[in-house]
Peer 1: 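Below is the structure I would like to discuss, written out as structure tokens.
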Amino acid sequence: MPLPSQPLRKLGFLTIGLFDEADPRAGHESTLKIIELGERLGFDSAWLRHRHLQYGISSPVAVLAAASQRTTRIELGTAVIPLGWENPLRLAEDLATVDLLSGGRLNPGVSVGPPMHFDQVKDALYPDTADAEDFGYGRVSRLLDFVRGKPATDFSGVEGFEVFSDRVQPHAAGLGSRLWYGGGSLRSARWAGEHGMNFLTSSVVKAEESEDFAEIQLSHVRAFRAAHPDGERARVSQGLVVIPTDSATPGQRAKYEAYAAKRTPRTATPHGPARMMFAPDLVGTSAEIAERLYAHAAFREIDEVAFALPFTFEHADYVQILTDLATGLGPALGWRPSAQG
């Protein structure tokens with residue numbers, strides 16, 4: 001097994017937080033318990049996906065507000081909030097509030113583009129302005145400005161008994177440096193770097209210069225850092241679905257292998273006009289997965305990861321996977337768990 005160029009510095013995980021429509025509280029509670037477990041196991045970060053009009057967490061910022069009161073150390077992120085569904089000013093207020101409640105642990109990840117199935121939802125989401133909405137990078141720029149404390153209005157001062165601010169309140173100092181962009185193209189990687197954001201590499205990428213997923217992801221890492229003021233020190237987190245089986249039961253192993261096998265064919269070639277490529281899922285013992293990661297071109301140039309939990313597994317499966325990530329795979333990659341407190 002080749003030695004890594006440097007130990008893995010930060011180990012995180014990502015979950016979608018599925019729930020049963022008949023009992024949605026149970027699924028949300030399961031997600032909170034998984035985050036609490038992640039803190040106990042020493043993970044550096046926990047990330048939530050964002051799903052609208054589905055049976056997954058639609059409001060990760062609200063869930064992370066709850067998680068901030070049930071944890072003390074672990075960083076809390078979103079991967080990612082699709083800004084096409086959001087008003088940047090209102091989102092900035094929510095993010096700053098949760099960051100303060102968490103003690104400065106929030107790591108919001110965002111992306112741009114029209115909302116999924118926009119033609120079907122635009123009348124509900126933007127009944128009067130659908131054709132005028134900007135779903136490009138300008139939406140991120142507005143959010144960055146509001147979070148970083150630039151004026152949102154030319155009015156401030158006292159009016160009657162009320163005091164008004166010209167910038168978003170509360171202002172969370174430091175949050176502006178913890179904003180992430182989730183991108184799957186060279187253009188997005190460069191834009192995120194030029195605007196001083198952190199970068200979440202995607203497990204779904206555009207096949208622009210290659211049809212090898214690892215090479216594509218590596219090109220994004222390098223393009224981002226080349227454009228970022230911090231250069232090689234700019235923060236990048238790699239996203240892959242990783243399922244260690246060290247302590248899995250035979251039934252769990254069979255389920256994990258079947259899950260990956262069903263998804264593997266989609267990783268062979270680019271899909272659709274945008275030539276999208278999917279990352280292969282990594283299933284096996286911690287030693288086997290570590291060897292595959294050390295051979296992964298992009299992994300060799302990062303020191304942070306947010307490994308994704310599969311969408312459709314049970315709570316007990318996530319407990320087993322997280323435990324093996326923290327006690328087996330993480331140490332095999334040179335990572336050391338963070339201390340409680």
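Predicted model, so just to flag it, every value in this text is computed and none were measured. These numbers come from the heavy atoms of this one structure, side chains and all, not from hydrogens, waters or symmetry mates.
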Peer 1: Got a list of side-chain donor-acceptor pairs under 3.5 Å for residues 237-244, not counting sequence neighbours?
Peer 2:
unit_1 : atom_1 : unit_2 : atom_2 : d
Ser237 : OG     : Ala306 : N      : 3.4
Gln238 : NE2    : Gln217 : OE1    : 2.7
Gln238 : NE2    : His296 : ND1    : 3.4

Peer 1: Look at the side-chain heavy atoms of Ile, Leu, Val, Met, Phe, Trp and Tyr, link any pair under 4.5 Å apart, and say whether Ile302 and Val205 land in one connected group.
Peer 2: yes

Peer 1: For His28, enumerate each residue passing the ring pair (Phe, Tyr, Trp, His ring centres under 6.0 Å) test, keeping only those at least two apart in sequence or located in another chain.
Peer 2: Phe19

Peer 1: By salt bridge (Lys or Arg N to Asp or Glu O under 4.0 Å), which residues pair with Glu36, not counting sequence neighbours?
Peer 2: Arg70

Peer 1: Could you state whether Ile289 and Phe43 fall into the same hydrophobic cluster, counting links through intermediate Ile, Leu, Val, Met, Phe, Trp or Tyr residues with side-chain heavy atoms under 4.5 angstrom apart?
Peer 2: yes

Peer 1: Show every salt bridge (Lys or Arg N to Asp or Glu O under 4.0 Å) that has at least one partner inside residues 90-112, sequence neighbours left out.
Peer 2: Arg90-Glu93, Arg90-Asp94, Asp99-Arg178

Peer 1: Counting heavy atoms not belonging to Asp131, are there more than 12 under 6.0 Å from its CG?
Peer 2: no

Peer 1: Can you list every pair that meets side-chain hydrogen bond (donor to acceptor under 3.5 Å, both in side chains) and has a residue in residues 109-121, with sequence neighbours left out?
Peer 2: none

Peer 1: Applying salt bridge (Lys or Arg N to Asp or Glu O under 4.0 Å), which residue pairs with at least one partner in residues 329-339 are found, sequence neighbours left out?
Peer 2: none

Peer 1: CD of Glu314: more than 12 outside heavy atoms within 6.0 angstrom?
Peer 2: no

Peer 1: Hey, could you give me each pair passing side-chain hydrogen bond (donor to acceptor under 3.5 Å, both in side chains) that has a residue in residues 141-162? Not counting sequence neighbours.
Peer 2: none

Peer 1: Pair up each side-chain donor or acceptor in residues 223-231 with any protein partner under 3.5 Å, not counting sequence neighbours, and list the distances.
Peer 2:
unit_1 : atom_1 : unit_2 : atom_2 : d
Arg225 : NE     : Ala234 : O      : 3.2
Arg225 : NH1    : Glu301 : O      : 2.7
Arg225 : NH2    : Ala234 : O      : 3.4
His228 : ND1    : Asp230 : N      : 2.9
His228 : NE2    : Met197 : O      : 3.1

Peer 1: Which residues satisfy the salt bridge (Lys or Arg N to Asp or Glu O under 4.0 Å) test with Arg51, sequence neighbours excluded?
Peer 2: none

Peer 1: Going by side-chain hydrogen bond (donor to acceptor under 3.5 Å, both in side chains), name the pairs with one or both residues in residues 260-277, residues two or more places apart or in two chains.
Peer 2: Glu211-Arg275, Tyr259-Arg263, Arg263-Asp281

Peer 1: Taking only residues at least two apart or on different chains, which pairs with a member in residues 66-107 satisfy ring-ring contact (aromatic ring centres under 6.0 Å, His included)?
Peer 2: His52-Trp85

Peer 1: Output all residues satisfying side chain to side chain contact (heavy atoms under 4.5 Å, CB included) with Asp212, sequence neighbours left out; order by chain, then residue number.
Peer 2: Ser210, Ala214, Glu215

